[in-house]
Number of protein chains: 2
Amino acid sequence: MICGAAMDFANRLRPSHLALLMRIAETGQLQRAAQMAAMSQPAASRVLAEIEARAGGALFERHPKGMRPTALGALCIRHAKVILEEYGALEEEARRVTSGETGRVRVGAVTGPAVGLVMPAVRQVRAEAPDIEMTIGVGTSNELVRGLVDGHYDFIIARLPPNHDSRDFRLHPARNETVSLLVRPQHPLAGRREVTLAELLEHEWVVQELPSPIRQAVEAAFHSQTLDTPPRVTNSSSLLVVLALLESTDTIAPQTREVAQMLAHGALGAKLVELHLAEPIMVSPCFIIQNRFRPLHSAAERLLRAVFDHL
Amino acid sequence: MICGAAMDFANRLRPSHLALLMRIAETGQLQRAAQMAAMSQPAASRVLAEIEARAGGALFERHPKGMRPTALGALCIRHAKVILEEYGALEEEARRVTSGETGRVRVGAVTGPAVGLVMPAVRQVRAEAPDIEMTIGVGTSNELVRGLVDGHYDFIIARLPPNHDSRDFRLHPARNETVSLLVRPQHPLAGRREVTLAELLEHEWVVQELPSPIRQAVEAAFHSQTLDTPPRVTNSSSLLVVLALLESTDTIAPQTREVAQMLAHGALGAKLVELHLAEPIMVSPCFIIQNRFRPLHSAAERLLRAVFDHL
DNA sequence: GCACCACATATCATCTGAGGTATGCAGATT
DNA sequence: AATCTGCATACCTCAGATGATATGTGGTGC
């Protein structure tokens, strides 16, 4: 056997070679195949000759009118079709991934921006590129930042925890958040205008535990008016607990404005109202945070742009 | 879109690249993948970097302990498996064709060698390489030579027709043929030893038409003993006619020795016997003939060798 | 016999790609 | 802090692939 030369015939067959073979088979003429491949006829002739040399036999019978595949040639062409098909599929899918038409995005956010920023952005991207798989994580800023560092999130919207070096991140301020106070419609203060904090002191409250930003914001608001903080407080971050209390008692529940509005005015039919405060309660601002050294892939980039659109 | 660079990403992905990707994914380490591919780690690193540049995104996440595929990388690997599989199949099938383990052979022969040479050779090749598809054509030398010139046969075993330029062919003498005379067992001469031609003159004969070689050989045998040719002759080349006459009458039927032996002693159960002649009747010799300028492919080469083995 | 067509061959220039070694860099481990 | 591991980068070499032009060859058709 005259081995040695044909050591790995197929591995040296590049896709362009396969394409040439197919074009020759299609047209039956080397010349046409050559000009389809944007090369000169001699070049095509030589490429074919080299392939045949490595294959160890002729792939085409030379006829005066053109070329017709031999058994070996037909074999190659049969496989070439499959291979090129697969290459095309790979190219197409890769294009869709790199162009952000498909992919997986994982975004994290604290409750307010999750409702007010991420959800609209997700809906927008979902409409534009339905093949993107988006995962929205909601948690505390600390959890989110840890998730970002671990690579669990592509980017997050959270408050900046003090214990992380901000040089590791790329930050963009998100819009300011304010706190709304939710009550049930039967609450004595419901419908009142310009409610002061002092009036709220003696009511029941259900608030997230310290050191949550909302709790901090609420307490800061009282402190800034040299008031004590409300004494009758139930601690819970559970929305379930909050809703249960709101539904059955005259409890006041602070929530970010976005969440409050969703609950009060949304299509969910929750019968809740926002108190009208004399002065707004501001929460420490959120940031859009991404890992400085981990570039976003296209799908994530796309969602991020959508988030910016909704700032 | 930053097109232009990634014009045809997949087409520049060579099989070796795909293999590298798969090895990286398998081992999770660039180094191992590199040494599996018998290359240095930096080379592998650069290859990967180039692929990623063309793909438009990272294919692997770099971890301190190694590499893990990204979504894009997993996509490529998925397709790479299919492509490499197909390349492998192509290589394997091509190897079998070029090494003559499979393929199509078309051989032609006149009756004698068809039975005595080609059939044993075919059986041998069939046993060694069952995937070779063999076609045996039987005909007159003229038909066979025409078929050889037309490319219908890879090679033939025939007598040399005078009207063809023997420089177009490569010739090998096949073994000499002799004619046997078949009769039914009840024939008066059956079992007799040293039958002379003169004794045969007045019997019935069934012989091929002139200018068939057997007819020529028979007539030449009579002429060489200054005898007339048998007068009571039925002309037919049809084996069916011959067998019908032999079965029902005391007709003498000349056939090449191979055919006669197959009929008389074969497993077919034909009740026929060969006459025992005082002097053998020689047929003009056959040649193994191939087209001088059309090289045989491996499967044909293989069958040809088998034919030579049976010379 | 001559023109024509299609493929093959020759020759040259060019450049991509594959490979090597040496070295840098970052995270992890001890 | 020092070391180890694993990948990236820089720089150089070189074979082989690519591509164009010009020319040869072997058929068909007039």
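Order of the sequence lines sets the chain letters (A, B, ...), proteins ahead of strands, with each chain counted from 1.
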**Student:** Mark yes when over 12 heavy atoms from residues, nucleotides or ligands other than B:Arg104 sit less than 6.0 Å from its CZ; otherwise mark no.
**Tutor:**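 It does not: B:Arg104 CZ has 12 such atoms or fewer within range.
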**Student:** Need two values: the first and the last nucleotide of DNA chain C, 5' to 3', having an atom under 4.0 Å from any heavy-atom of chain A.
**Tutor:**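 For DNA chain C, the relevant span reads C:dA6 to C:dT9.
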**Student:** Looking at OG of B:Ser16 and CZ of A:Arg14, how far apart are the two atoms once the value is rounded to the nearest 0.5 Å?
**Tutor:**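 B:Ser16 OG to A:Arg14 CZ: 9.0 Å, rounded to 0.5 Å.
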**Student:** How would you list, by chain and number, every residue that makes a side-chain hydrogen bond (donor to acceptor under 3.5 Å, both in side chains) with A:Glu85, sequence neighbours excluded?
**Tutor:**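 Partners of A:Glu85 by the side-chain hydrogen bond (donor to acceptor under 3.5 Å, both in side chains) criterion come out as none, since no residue qualifies.
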**Student:** Tell me, please, which residues at least two apart from A:Arg96 pass salt bridge (charged side-chain N to carboxylate O under 4.0 Å, His left out).
**Tutor:**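 If we apply the salt bridge (charged side-chain N to carboxylate O under 4.0 Å, His left out) test to A:Arg96, skipping adjacent residues, the hits are A:Asp131.
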**Student:** My understanding is that only residues two or more places apart in sequence, or in another chain, count here; which of them pass salt bridge (charged side-chain N to carboxylate O under 4.0 Å, His left out) with A:Arg68?
**Tutor:**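 A:Arg68 satisfies salt bridge (charged side-chain N to carboxylate O under 4.0 Å, His left out) with no other residue.
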**Student:** List for me each residue that meets salt bridge (charged side-chain N to carboxylate O under 4.0 Å, His left out) alongside B:Arg159, sequence neighbours excluded, and say none if there are none.
**Tutor:**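 If we apply the salt bridge (charged side-chain N to carboxylate O under 4.0 Å, His left out) test to B:Arg159, skipping adjacent residues, the hits are B:Glu177.
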**Student:** Considering residues at least two apart in sequence or located in another chain, which fulfil the salt bridge (charged side-chain N to carboxylate O under 4.0 Å, His left out) criterion with B:Glu128?
**Tutor:**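 Only B:Arg302 meet the salt bridge (charged side-chain N to carboxylate O under 4.0 Å, His left out) criterion with B:Glu128.
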**Student:** Go through residues 31-52 of chain B and report each residue with a non-hydrogen atom lying under 4.0 Å from DNA chain D, sorted by number.
**Tutor:**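 The answer is B:Gln31, B:Gln41, B:Pro42, B:Ser45.
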**Student:** Of all nucleotides in DNA chain D that come within under 4.0 Å of a heavy atom of chain A, which is furthest toward the 5' end and which toward the 3' end?
**Tutor:**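 Under 4.0 Å from chain A, the extent on DNA chain D is D:dA17 to D:dT28.
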**Student:** Enter the distance from A:Arg54:CZ to A:Leu13:CG here, rounded to the nearest 0.5 Å.
**Tutor:**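 Interatomic distance, A:Arg54 CZ to A:Leu13 CG, rounded to 0.5 Å: 7.0 Å.
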**Student:** Does any pair with a residue in residues 31-50 of chain B pass salt bridge (charged side-chain N to carboxylate O under 4.0 Å, His left out), and if so which ones, sequence neighbours excluded?
**Tutor:**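 The answer is B:Arg46-B:Glu50.
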**Student:** With sequence neighbours excluded, tell me which residues meet ring pair (Phe, Tyr, Trp, His ring centres under 6.0 Å) with A:His172.
**Tutor:**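 Checked A:His172 against ring pair (Phe, Tyr, Trp, His ring centres under 6.0 Å); matches are A:Phe308.
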**Student:** Distance-only check: which donor-acceptor pairs under 3.5 Å involve side-chain atoms of residues 71-80 of chain B, not counting sequence neighbours?
**Tutor:**
residue: B:His79; atom: ND1; partner: A:Glu86; partner atom: OE2; Å: 2.7
residue: B:His79; atom: NE2; partner: A:Glu93; partner atom: OE2; Å: 3.2

**Student:** Do A:Glu92 and A:Arg95 sit within salt-bridge range, that is, some charged N less than 4.0 Å from a carboxylate O?
**Tutor:**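 Looking at A:Arg95 together with A:Glu92, the answer is yes, because their closest N to O distance falls below 4.0 Å.
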**Student:** Could you work out how much the helix from C:dG1-D:dC30 to C:dT30-D:dA1 bends, comparing the axis of its first five pairs with that of its last five, to 10°?
**Tutor:**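 It comes to 30° between the two terminal axes.
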